[in-house]
Amino acid sequence: IRNGKLRGCIGTVEAHQPLIADVATNAYKAAFKDPRFAPLQEDEKQGLQLSISLLGKPAEMSFKDEADLLSQLRPKQDGLIITDGNKRGVFLPQVWEGLPKPVQFLDRLKVKAGLAADHWSGNFRAWRFAAISIKPGAAPTTDAAADG
């Protein structure tokens, strides 16, 4: 985050290498390889804030339709992974800060995944997860309850 705005964010949802290697690899990618932003420049270091989110194991959700899924979402707690076909999107729990209503959260995540905001199909799947956010100089915070 730089000047209160996202400046890069890349990570992995499930562990596939030691944590230290994953953090180093993804920190580099977030700074220099996030396709949404130009590579970080030397003069941007001022005002840059780093954070690391450690994700818990995703738990697949069961729902009969979109309204049912929306009713199960826990604002400010759940991180969410969605898939439909080859489309996939992930939001960390802290995204609720800017999208506090479940319908906003889900619609924006669909768009991030490359789907229409009003998209729904019988192949739609979702997983919720907990996360712990770590920011330099601050105590780690739990972004979600560990039960989900």
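Atoms considered below: every heavy atom in the structure, side chains included; atoms not considered: hydrogens, waters and symmetry mates.
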Worksheet item: Same cluster for Phe91 and Val103 if Ile/Leu/Val/Met/Phe/Trp/Tyr side chains link at under 4.5 Å?
Response: yes
Worksheet item: How far apart are the closest heavy atoms of Leu109 and Gly89, and which atoms are they?
Response: CD1-C, 3.4 Å
Item to complete: Apply side chain to side chain contact (heavy atoms under 4.5 Å, CB included) to Arg74 and Arg128, showing your working.
Response: CA-CA 9 Å; Arg74 301 173 299 189; Arg128 72 169 101 217; 3.1 Å; yes
Discussion item. In this structure, would Leu6 and Ile52 fall into the same cluster of hydrophobic residues linked by side-chain contacts under 4.5 Å?
Written reply: no
Worksheet item: Is Leu115 linked to Leu70 within one hydrophobic cluster, defined over Ile, Leu, Val, Met, Phe, Trp and Tyr using a side-chain heavy-atom separation of less than 4.5 Å?
Response: yes
Worksheet item: Under 6.0 Å from the CZ atom of Arg2, do we count more than 12 heavy atoms belonging to anything else shown?
Response: yes
Practice prompt. May I ask you to decide if Lys101's main-chain N or O and Gln104's side chain share a donor-acceptor pair within less than 3.5 Å?
Written response: yes
Practice prompt. Take Trp127 and Val90 through the side chain to side chain contact (heavy atoms under 4.5 Å, CB included) test and state the conclusion after the steps.
Written response: CA-CA 9 Å; Trp127 295 259; Val90 179; over 6 Å; no
Discussion item. So, taking the atom named CG in Leu99 and the one named CG in Leu106, what distance separates them when rounded to the nearest 0.5 Å?
Written reply: 11.0 Å
Practice prompt. Could you pull out the closest heavy-atom pair between Leu69 and Ala126, with the gap in Å?
Written response: CD1-CB, 4.1 Å
Response to the item:
CG (Asp65) and CH2 (Trp120) are apart, to the nearest 0.5 Å, by 7.0 Å
Worksheet entry | Between NZ on residue Lys112 and CG on residue Asp107, distance to nearest 0.5 Å | 15.0 Å
Discussion item. Can you tell me how the ring of His119 sits relative to the ring of Phe124, calling it parallel under 30°, perpendicular over 60° and tilted otherwise?
Written reply: tilted
Worksheet item: What about Leu50 and Ile132, same hydrophobic cluster or not, with Ile/Leu/Val/Met/Phe/Trp/Tyr joined at side-chain heavy-atom distances under 4.5 Å?
Response: no
Worksheet, complete the sentence: On a heavy-atom basis, the closest approach of Pro39 and Glu44 is O-OE1, 3.9 Å
Worksheet item: What are the two closest non-hydrogen atoms of Ser62 and Asp68, and how far apart are they?
Response: O-OD2, 4.3 Å
Worksheet item: Could you give the distance from SG (Cys9) to CG (Asp34), rounded to the nearest 0.5 Å?
Response: 7.0 Å
Item to complete: Measure the spacing between NZ of Lys76 and CD of Gln94 and express it to the nearest 0.5 Å.
Response: 13.0 Å
Fill in: Result of checking Asp78, Val13, Leu92 against Phe129 for side-chain contact (heavy atoms from CB on, under 4.5 Å)
Leu92
Fill in: Minimum heavy-atom distance between Leu80 and Phe105, given as atom pair plus value
CB-CE2, 3.8 Å
Worksheet entry | Min side-chain heavy-atom separation Arg125-Asp84 under 4.5 Å | no
Discussion item. Quick check for you: to the nearest 0.5 Å, what is the distance between Arg36 atom CZ and Ile10 atom CD1?
Written reply: 7.5 Å
Worksheet item: Just wondering, more than 12 heavy atoms not from Glu60 lying within 6.0 Å of its CD?
Response: yes
Fill in: Phe63 versus Gln72, closest heavy-atom pair with distance
CB-NE2, 3.8 Å
Worksheet item: Do Ser53 and Ser133 pass the side chain to side chain contact (heavy atoms under 4.5 Å, CB included) test, and can you show the C-alpha distance, the side-chain angles, and the key distance before you say yes or no?
Response: CA-CA 4 Å; Ser53 292; Ser133 291; 3.5 Å; yes
Worksheet item: ring-ring contact (aromatic ring centres under 6.0 Å, His included): which pairs involve residues 35-58, sequence neighbours left out?
Response: none
Worksheet item: Considering only heavy atoms from C-beta outward, does the side chain of Thr83 approach that of Lys87 to under 4.5 Å?
Response: no
Discussion item. In this structure, would Leu55 and Leu73 fall into the same cluster of hydrophobic residues linked by side-chain contacts under 4.5 Å?
Written reply: no
